[in-house]
Amino acid sequence: MLQEISIKNFAIIEEIHLSFESGMTILTGETGAGKSIIIDAMSLLLGGRASSDFVRHGASKAEIEGLFFFEKTPELNSALLELGFEELDSEIILRREIFANGRSVCRINGQMVNLTRLRQIGEFLVDIHGQHDSQELMNPKSHLRLLDEFGDENFEVIKNNYKNKFENFKNLRQQLNIRQKNEQEFAQRIEILQFQAEEIEAAEINLEEDELLVNRREKLNNIKNIADSLSTAYLALEDEDNDYSSLNNIRTTMTELDRIGNFDKDYQELADKTAESYYILEEVANQIQSIMSDLEFNPAELLQIEDRIMTLTTLRKKYGPTLSDVINYLEKVQLELSELTGSENDSVSLEKSVKNAQVELLEASQELNKARHQIAKEIEKDIKHELSELYMEKADFKVSFDSAKFSANGNEHVEFFIQTNPGEGFKPLAKTASGGELSRLMLAIKSSFSRRENKTAIVFDEVDTGVSGRVAQAIANKIHKIASHGQVLAISHLPQVVAIADRQFYIEKASTDDITTSTVRKLNFDERVKEIAKMLAGEDLTEEALAQAKRLLTN
């Protein structure tokens, strides 16, 4: 149920705030006062396409915000969870801002969402039904969708199964067509991928060897400098022919300090530190000597290292820039090779898969058609009953099916036919129904929908156009009956429809030389009597018109 709506700087509306209740609410006013503008604002709030033309002249943006109470359904909960909302407590706030530069911002409970998401949630909340929906009935292309909306959850499962089968068949057939047209290109591509995979695999890349190879090459290229430095360092530390080498001098120092260590703890501490330094340097000298004995120049090893570095450099240039990138590229190549060379992707296997998919698609289409034909029987019976209550008791309604090419929606064409009088025969709805008949037929369909849908509110925008007298009263009763199951908002110029409503808002506009503004106010009983009397007798109110208006309101 739409609880509240706030509209600001929208078309000729400066700012209005409306609160609604369950049951039937009617919006009335003179032509051009802004009744349909309020419905347009609701439509935008629910995800309709916006335009900067909606922004009130002189304003930077238009703002629309609505508070809705809703019954929890698995479908709505699922849609909200997809948006990241946790389960809501039957209350949701939608907000839409349309800027003068054409930009639009949508929010659900303060969280910014795109237009598609807003529309997805809005579809669960309100169903706006206006004069354009009669035009929709006149368009046979929309009849299949209208038929499917009568389906239940089991039908949706059948329909989704068909769609999946159709997509699978279409994709496999496209793959087969591409494969058959490009056999030579496939072969060339496979040959290139195989060469690339073999080249990378043959290198046996180790991500840790790159730095090690460079370091080893630098060492081999500077082997003489390294040997000279190690030899000089060793002789400085330990030289058997030199009594004044570093270790000999430190050894003498250590001995002398150790000799006097008993005389003072400071002497002993110096002796200990000197001994520690001596043994460290002695270890260094031994390590230098060991390295020098193992040090040798190996031209063959250097050549191997240069070749290995060149191989890795080439791979990096072709598939890199890093060795990790090269390995990732190999994985992609191997995956594509698997897809291109797998047994399921050769022409023969694809042809077999296409045939199997075609059989499955045919079976799914038969199941879908059977379900649709069953729905059609229920619709025909239901709408015929609804039409009889709208004084079209002699009319008959039929859903016609014709074979069609396979598509995402099935392989049958659907069109609504009507027989307005016995013996005339069924004819396409688009060619036979008058304006008043279309209004009644649309309302009959909507009445059937309302018992199946979980919408929190239904909006009727002048759906009673082209009718009068007892038909007008029947339409009023039908709309009020729909409202008994929830909430209906309606725009009407018919006194019978206005009178049967539970409450009435009056929209009027005021103009100055510079600007036009719409305002809305809720009418009390006496005000409603006067407005309905005007609908009956015009501006020149009579006692008879007022009395008749009062009777309409109190019956």
Side-chain angles (χ1 to χ4, degrees), residues 195-334:
F195 171 80
Q196 292 175 339
E198 290 172 0
E199 183 180 31
I200 298 174
E201 288 171 345
E204 297 181 350
I205 296 174
N206 180 351
L207 294 178
E208 298 179 357
E209 70 175 325
D210 208 14
E211 184 177 354
L212 296 175
L213 286 170
V214 173
N215 291 339
R216 182 61 178 165
R217 181 179 64 179
E218 289 299 310
K219 185 176 181 180
L220 289 174
N221 283 331
N222 292 277
I223 196 73
K224 184 177 182 305
N225 292 334
I226 294 171
D228 290 345
S229 294
L230 287 173
S231 177
T232 299
Y234 178 77
L235 290 176
L237 287 173
E238 183 74 280
D239 187 354
E240 295 178 356
D241 298 329
N242 182 4
D243 292 337
Y244 299 101
S245 65
S246 296
L247 283 176
N248 281 335
N249 288 333
I250 294 173
R251 189 183 299 114
T252 301
T253 301
M254 178 179 65
T255 301
E256 293 301 323
L257 289 174
D258 189 58
R259 182 179 298 121
I260 62 174
N262 293 331
F263 299 114
D264 193 308
K265 66 177 182 179
D266 290 339
Y267 302 159
Q268 187 60 49
E269 183 177 348
L270 290 173
D272 292 341
K273 289 182 178 179
T274 303
E276 182 179 354
S277 299
Y278 173 78
Y279 293 124
I280 290 173
L281 289 174
E282 184 180 46
E283 178 62 25
V284 171
N286 291 335
Q287 288 182 12
I288 292 174
Q289 187 178 36
S290 176
I291 292 172
M292 289 173 59
S293 64
D294 294 335
L295 196 64
E296 63 175 337
F297 177 65
N298 189 338
E301 182 186 2
L302 180 60
L303 183 60
Q304 289 177 350
I305 290 175
E306 293 287 2
D307 288 343
R308 181 62 175 170
I309 291 176
M310 180 61 69
T311 297
L312 297 179
T313 300
T314 300
L315 292 177
R316 279 198 298 268
K317 289 181 179 179
K318 292 170 102 175
Y319 314 114
T322 68
L323 290 182
S324 294
D325 294 325
V326 176
I327 292 176
N328 291 336
Y329 184 82
L330 173 62
E331 293 174 354
K332 293 179 181 178
V333 166
Q334 290 170 335

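In this chain, numbering begins with 1 at the start of the sequence shown. Keep in mind that what you see is a predicted model, and the values were worked out from it rather than measured.
In this structure the side chain of Asp258 reaches within 4.5 angstrom of the side chain of Gln268, judged on heavy atoms. Taking the side chain as every heavy atom from C-beta outward, Lys317 and Thr314 never approach each other to under 4.5 Å.
Residue Glu201 qualifies as enclosed at atom CD: its count of foreign heavy atoms under 6.0 Å is above 12. Sparse packing is recorded around OH of Tyr267, with 12 or fewer heavy atoms of other residues, nucleotides or ligands lying under 6.0 Å away.
One finds the CG atom of Leu281 at 6.0 Å from the CG atom of Leu247 (value rounded to the nearest 0.5 Å). A distance of 15.5 Å separates OH in Tyr329 from CG in Leu323, rounded to the nearest 0.5 Å. For the atom pair Ile327 CD1 and Thr322 OG1, the distance stands at 8.5 Å (nearest 0.5 Å). With rounding to the nearest 0.5 Å, the separation of OG1 in Thr252 from CG in Leu257 is 11.0 Å. Atoms OG1 and CD1, from Thr255 and Ile250 in turn, are 11.5 Å apart once rounded to the nearest 0.5 Å.
We find that Glu269 and Lys265 are not joined by a salt bridge, their nearest charged nitrogen and carboxylate oxygen being 4.0 Å or further apart. A salt bridge links Arg259 with Glu256: the closest approach of a Lys/Arg side-chain nitrogen to an acidic carboxylate oxygen falls below 4.0 angstrom. Taking the charged nitrogens against the carboxylate oxygens, Glu199 and Lys318 do have a contact shorter than 4.0 Å, which makes a salt bridge.
In this structure, Arg316 contributes its side chain and Thr311 its backbone to no donor-acceptor pair below 3.5 Å. Not a single donor-acceptor pair under 3.5 Å links the side chain of Ser290 to the backbone N or O of Asn286. Judged by distance alone, with hydrogens and angles left aside, the side-chain atoms of Asp307 form no donor-acceptor pair with the main-chain N or O of Gln304 at under 3.5 Å.
Across every non-hydrogen atom of Val333 and Ala197, the tightest pair is CG1-CB, 3.9 Å.
For the side-chain contact (heavy atoms from CB on, under 4.5 Å) criterion with Leu330, the lone passing option out of Ile200, Ile205, Asp325 is Ile200.
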